[in-house]
Amino acid sequence: MGTPLRIAIAGLGAVGMTLARALDAGIPGCELVAVSARDREAAVGRIANLRRPVPVVAIAELEPLADLVVECAPAALLPEIAAPFLRTGKTAVVISAGALLFHDSLIGLAREHGGRIVVPTGALLGLDAVLAAAEGTIHSVRMVTRKPVRGLVGAPYLTENNIDIEQIREPLRIFEGTAREAAAGFPANLNVAVALSLAGIGADRTRLEIWADPALERNTHSIAVDADSARFTMTIENIPSENPKTGRITALSVVACLRKMGAALRVGT
Ligand SMILES: NC(=O)C1=CN([C@@H]2O[C@H](COP(=O)(O)OP(=O)(O)OC[C@H]3O[C@@H](n4cnc5c(N)ncnc54)[C@H](O)[C@@H]3O)[C@@H](O)[C@H]2O)C=CC1
Ligand SMILES: O=C([O-])CC(=O)C(=O)O
């Protein structure tokens with residue numbers, strides 16, 4: 001084994017903390033070296049139980065310490081977190097994928113300096129098949145997202161359009177449009193639509209419906225792809241993590257992504 005990849009985590013919430021614990025328990029080829037959090041004191045307390053506690057530093061101080069940063073913070077912080085790593089030819093693993101639509105200059109920055117942006121499958125599924133189909137011709141990609149009310153309240157689209165979902169008794173379709181339109185109106189929810197767009201036919205051609213469903217316990221995403229190589233449909237029902245807007249599988253997807261980076265056997269596209 002060579003020198004382990006030095007990993008920094010930006011954002012120590014539902015995803016970041018699960019990842020920190022997994023790295024502390026051991027992911028071959030990876031070593032957690034630093035974290036960043038809004039409330040430094042609280043973060044020091046949260047990581048005190050790790051076998052090997054690491055420094056809690058400001059976002060700007062992460063890059064000199066690490067080879068790779070995992071962004072698991074509020075979407076608005078994406079450029080601040082990723083740019084220093086990309087500018088130095090390093091890797092940024094991005095889970096606030098929706099923010100890439102508004103900051104696509106980060107992709108140019110990575111290209112210019114030999115850096116890499118990695119978007120894990122996150123709360124979604126099947127991006128391997130979508131990527132493969134995109135090597136041929138994809139005719140259409142449609143996604144239907146259904147969420148419990150608590151996973152959607154506070155979304156800017158609902159506030160701006162005076163849509164009150166807290167009292168609904170039946171499932172209500174609250175959005176129909178493109179992934180790009182959804183990313184602006186549902187920034188904390190629609191990372192999955194943008195990840196799907198990036199794998200497939202882009203944010204202007206990927207169609208999306210969002211439903212608020214008071215009877216639902218799980219964030220549910222159903223995807224239908226029609227391509228010249230295959231037609232496929234897939235559905236995932238995500239169990240919420242400690243953050244009701246974020247499925248548990250999101251952090252596990254990042255763990256799997258880091259494990260794959262150092263693996264002798266890599267399965268999936
Ligand atoms: N790609 C995907 O499939 C998915 C992506 N996400 C996205 O992942 C991101 C993280 O999700 P969660 O862990 O559930 O969020 P969270 O709200 O639990 O955690 C975010 C953390 O960032 C920290 N933070 C805020 N300001 C900061 C600053 N200035 N410096 C450092 N840290 C700061 C907060 O203290 C908080 O602990 C969100 O943007 C979310 O929308 C969530 C679910 C699925
Ligand atoms: O399903 C989830 O866990 C989260 C989600 O929709 C997103 O962030 O796009």
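Starting from 1, each residue takes its place in the sequence as its number. Both counts, for ligands and for their atoms, begin at 1 and track the order of listing. Predicted, not measured: the structure shown is a model, and the values here were computed from it.
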Check ligand 2 against [X] and write out every atom of the ligand that is under 4.0 Å from a heavy-atom position of the residue.
| X | value |
| --- | --- |
| G247 | 2 (C), 3 (O) |
| K245 | 2 (C), 3 (O), 4 (C) |
| T246 | 3 (O) |
| K147 | 4 (C), 5 (C), 6 (O) |

(request) Look at atom 8 (O) of ligand 2 and say which protein heavy atom is nearest, naming residue and atom and giving the distance to 0.1 Å. (result) N191 ND2, 3.1 Å

(request) Could you tell me the residue and atom name of the protein heavy atom closest to atom 7 (C) of ligand 2, and the distance to it rounded to 0.1 Å? (result) N189 O, 2.5 Å

(request) Please work out whether any backbone atom (N, CA, C, O) or any side-chain heavy atom from C-beta onward of V192 is under 4.0 Å from ligand 2, and answer side chain, backbone, both or neither. (result) both

(message) Residue-level breakdown please: for H221 versus ligand 2, do any non-hydrogen atoms fall below 4.0 Å on the side chain, on the backbone, on both, or on neither?
(response) side chain

(request) Could you identify which residues cluster with L131, counting Ile, Leu, Val, Met, Phe, Trp and Tyr as linked when any side-chain heavy atoms lie under 4.5 Å apart, either directly or through a chain of such contacts? (result) none

(request) Taking side-chain hydrogen bond (donor to acceptor under 3.5 Å, both in side chains) as the test, write out the residues that go with D39, two or more places apart. (result) none

Ligand 1: which protein N/O atoms lie under 3.5 Å from its N/O atoms?
unit_1, atom_1, unit_2, atom_2, d
ligand 1, 1 (N), I95, O, 2.8
ligand 1, 3 (O), A123, N, 2.8
ligand 1, 6 (N), N191, ND2, 3.3
ligand 1, 13 (O), A14, N, 3.3
ligand 1, 13 (O), V15, N, 2.9
ligand 1, 14 (O), N243, ND2, 2.9
ligand 1, 14 (O), T246, OG1, 2.7
ligand 1, 18 (O), A14, N, 2.9
ligand 1, 32 (N), R38, N, 3.3
ligand 1, 37 (O), G13, N, 3.2
ligand 1, 39 (O), A73, O, 3.0
ligand 1, 39 (O), S96, OG, 2.7
ligand 1, 41 (O), N191, ND2, 2.9

(message) My understanding is that only residues two or more places apart in sequence, or in another chain, count here; which of them pass side chain to side chain contact (heavy atoms under 4.5 Å, CB included) with R116?
(response) T91

State plainly whether the residues [X] and [Y] are in salt-bridge range, i.e. N to O under 4.0 Å.
| X | Y | result |
| --- | --- | --- |
| R231 | D226 | yes |
| E176 | R207 | yes |
| E242 | R46 | yes |
| R150 | E217 | yes |

(request) Indicate yes or no for a side-chain donor-acceptor contact from N191 to the backbone of G98 under 3.5 Å, with no hydrogens or angles considered. (result) yes

(request) Using atom types as modelled and distance alone, determine if a side-chain donor or acceptor of E71 lies under 3.5 Å from a backbone N or O of S96. (result) yes

(request) May I ask which of A182, G98, A123 has a heavy atom nearer to atom 2 (C) of ligand 2 than the others do? (result) A123

(message) For A66 versus V33, what's the shortest heavy-atom pair and its separation?
(response) CB-CG2, 3.8 Å

